[in-house]
Amino acid sequence: MNDLELLNEQQKDAVLHTEGPLLILAGAGSGKTRVLTYRIAHLIETCGVNPWNILAITFTNKAAGEMRERVDRLVGFGSESIWVSTFHSACVRILHRYIDRIGYDNRFTIYDTEDQKTVMKNVCGRLQTDTKLFKEQKLLNIISHAKNEYKPPEEFKLDAKGDFWMEKAAEAYVEYQKELEKNNALDFDDLLMKTVELFQSCPDVLEYYQDRFRYVLVDEYQDTNTVQFKFLSLLAEKYKNLCVVGDDDQSIYKFRGANIENILNFEKVFPNARTVKLEQNYRSTQNILDAANSVISHNKGRKEKVLWTDNGPGKPIVCRQFQTGYEEAEYIAGDIRKKMEEKAEHYKDFAVLYRTNAQSRLFEEKFLMANIPYKIVGGVNFYSRKEIKDVLAYLKTIDNGKDDLAVRRIINVPRRGIGSVTLNKVQSYADAQGMSFFEALEDMDTVPGLGKAALKIQPFVHLIHACRLKLSDISVKGLIEEILDQTGYVRDLKAEETEEAEARLGNIDELLNKAAAYEEQAAEPDLRGFLEEVALVADIDSLEDGDNRVLLMTLHSAKGLEFPYVYMAGMEDGIFPSYMSIAAENAVQEIEEERRLCYVGITRAMKELTMTAARARKVRGENQYNNISRFILEVPSDLVGRGTPCNAPAVRPSQKDMAHARAKEAFKAKTFDPQQFKVVKADSLEYKVGDRVSHVKFGKGTVLEIADGGRDYEVKVDFEKVGVKRMFASFARLKKVESL
DNA sequence: TTTCCTGAATTTTTT
DNA sequence: ATTCAGGAAA
């Protein structure tokens, strides 16, 4: 049911203005998602718009998932035919249908960052580029930037005339793009670029989608780049029903080509655009808002906004500085524990935000020790783990033998005794014949100079052929199992008997689950559909509602989310704002972007905000000493709680307190996951002092001490890698490796 | 020829 | 800390 009475005047305005372009300037927490979802519901229920004609676009999968859920709840029947997706996945869907119109094969594959780097390495090798002077990553950044500006190689080349650096980059761009085309692959930026190209060169396709998506809604509009803007304006050209929501203060993707002009020029491109401002904040307390306002006010050249709230002042902001990052993490773990006990909140009400993914490690360790269920969002992509990429490369090869990168990745995985010399011979043969790498492999008998190596290649080619034959009558999950079985991949891992192999096996299991889940959920599940889904999703599981865990993530991925209790960790100059931005040529702008990021972080908090810093922390193995972040100093001191000054010495909870808290928690937290938290004191332990044991996280170690703690045994172990740890036996789940 | 081992280099943020 | 390139052993 769509109850407009729940909206304020401005929100209602935005919902009811259904025809024509609409720009919603929405401050943080002003209920923009609510406006978007209500607007969709209103379009369908009141205006009789067919759900099929609505496209809602977001930036991240997480945001898309959230929006999807809310739309489903509000709209109910028919909501599944609304497209709610990210720019990239919308483009993939379009391209899979029509990219043959601009000379690609519809069975293209998508290259991730790692693949891009591999391609660029090849290109640099071929062009004899000195990669000391022109770093691959640097070149890729330039290319990405060009693509975000919708500049194809030819045009880029013209622009580069006269500039030695840019001419070199242009050369790389041309070659890089050729290589992608040869492999029938697109990189992330191509997805947008090729879609726009498709629209511009095939008016009939464009018109089809214009008619299809008569109503387009865009979230986080301030982060759109030039191609995305082109994409949107082309789509909306015919009916002009484009509704965009944005906040210039939350623009944090300039590094990815976000173009703030898109918001400022909206009214120019769409002349009779209506603009609505949402300024009432429903999320945070006044203290949190004041802190956010004060920080962001240090930026020049922004649209002044007056955010206000009906919520009371709330708790003061907590700022603390610790000696080390270690203590910082310990404090946060302890504080979450404390709040859980005092207020009986849910774990999912807490979030720890940091600047870089690398910072998650410390928290992971401490949370594991304190038995706080947590989930790390982002970081090392599930799908970029080695074993997963291997399996996916097999799938890609089976689906589309044109992807040389995938074929080359797995030709010798697991070991088939095929080395680089053989590969080079095959590659030159393929190049000479103008065929793909896999086709050359199929032709192995005619490849000159292969000799015995051909015999090693044969089983691989057979395997792929056999799988292709089975394709039509086997599930994706079955296919993966077949591959794992035939190649002995799982067998080899099991034989390794290391922690690492164990983890890899676990990941493979997760992939199998994912495949099974895909087949259940998809209308017409097939291999390509699976690969497509997997290519654009970083994390294996989106957040489920019942998933009661503390979230750990970067400030970037926190955008669009909200939590009652937010911890911003690592608030140090050099970390946040990052060293890169401070040292940059255009430091002023770079730091302003960081400050917006800080603004985003602060405004995630609903009830309480804690900012922490460490005097010293390990960065890349070395100790780094940092000052308190300038952003903390920009928070007015009267908002910061007394008794918790920034330079307060770290209060380290004693071991006994921690142990006590843990035991208590274990008793209380049964509702979360009885399996995990049930404390059953074993009659005796399978290991004794002096035994070698292994722990899931810490690896192998020696038992130093076992103390009977009443409810449970407390075990002290000296781990090889991480040193002495104390833990409860039932939590640690140590396995005996060998006896004394 | 392939594999294994050692020393060097390297990291913001996301799709 | 972890990955990557280059050289020596098998």
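Because the structure is predicted, anything quoted here is derived from the model rather than measured. So you know, we letter chains A, B, ... as the sequences are listed, proteins then strands, and number each from 1.
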Phosphate OP1/OP2 of B:dT12: any A:Asn357 side-chain N/O under 4.0 Å: no

Sugar-phosphate, base or nothing in reach of A:Ser89, heavy atoms under 4.0 Å: nothing

Other residues, nucleotides, ligands: >12 heavy atoms within 6.0 Å of A:Lys194 NZ: yes

Phosphate OP1/OP2 of B:dT1 contacted by A:Thr422 side-chain N/O (<4.0 Å): no

A:Tyr221 vs A:Val245, side-chain contact (heavy atoms from CB on, under 4.5 Å): CA-CA, chis, key distance, verdict: CA-CA 6 Å; A:Tyr221 182 68; A:Val245 189; 5.7 Å; no

Candidate pair A:Phe59 and A:His88, rule ring pair (Phe, Tyr, Trp, His ring centres under 6.0 Å), full reasoning: CA-CA 8 Å; A:Phe59 269 81; A:His88 292 87; 8.3 Å; no

Distance below 4.0 Å between A:Lys135 side-chain N/O and B:dT10 OP1 or OP2: yes

A:Asn623 atom CG, over 12 foreign heavy atoms within 6.0 Å: yes

Candidates C:dC4, B:dT14, B:dT12 - which lies nearest the side chain of A:Ser557: B:dT14

Identify all side-chain donor-acceptor contacts of residues 418-425 of chain A below 3.5 Å with residues at least two apart in sequence or on another chain.
| from | atom 1 | to | atom 2 | distance (Å) |
| --- | --- | --- | --- | --- |
| A:Asn424 | ND2 | A:Ser420 | O | 3.4 |
| A:Lys425 | NZ | A:Gly449 | O | 2.9 |

Spacing between A:Arg416 atom CZ and B:dT1 atom C1', to the nearest angstrom: 17 Å

Atom pair distance, as rounded to whole Å: CZ in A:Phe231 and C1' in B:dT15: 14 Å

Over 12 foreign heavy atoms within 6.0 Å of CZ, A:Phe255: yes

Nearest-angstrom distance from the residue atom CG of A:Asn141 to C1' of B:dT14: 13 Å

5′-ward residue of the pair A:Lys117/A:Phe188 relative to DNA chain B: A:Lys117

Side-chain N or O of A:Arg415 closer than 4.0 Å to phosphate OP1/OP2 of B:dT1: no

Sugar-phosphate only, base, or nothing, as touched by A:Tyr253 at under 4.0 Å among non-hydrogen atoms: sugar-phosphate

A:Lys254 side-chain N/O to B:dT13 phosphate OP1/OP2 under 4.0 Å: no

Between C1' of B:dT13 and CD of A:Glu220, the distance in whole Å: 15 Å

Sugar-phosphate, base or nothing in reach of A:Lys425, heavy atoms under 4.0 Å: sugar-phosphate

Atom-pair distance (OH on A:Tyr354; C1' on B:dT11), nearest Å: 15 Å

Touch class at under 4.0 angstrom, heavy-atom based, for A:Leu555 against every strand present: nothing

Candidate nucleotides C:dA1, B:dT1, B:dT14, ranked by approach to the side chain of A:Arg361 - the nearest: C:dA1

Selected nucleotide, minimal atom distance to A:Glu590 side chain, candidates B:dT14, B:dT15, B:dT12: B:dT12

Atom-to-atom span, NE2 of A:His556 to C1' of B:dT12 - whole angstrom: 7 Å

A:Asn412 CG - B:dT3 C1' separation (whole Å): 10 Å

Below 4.0 Å: OP1/OP2 of B:dT14 and any side-chain N or O of A:Thr554: yes

Among B:dT14, B:dT12, B:dT1, the nucleotide that comes nearest once only the side chain of A:Val421 is considered: B:dT1

Nucleotide B:dT2, atom P - distance to CG of A:Leu455 in whole Å: 14 Å

Most 5' of A:Phe59 and A:Leu423 on DNA chain B, judged by nearest nucleotide: A:Leu423

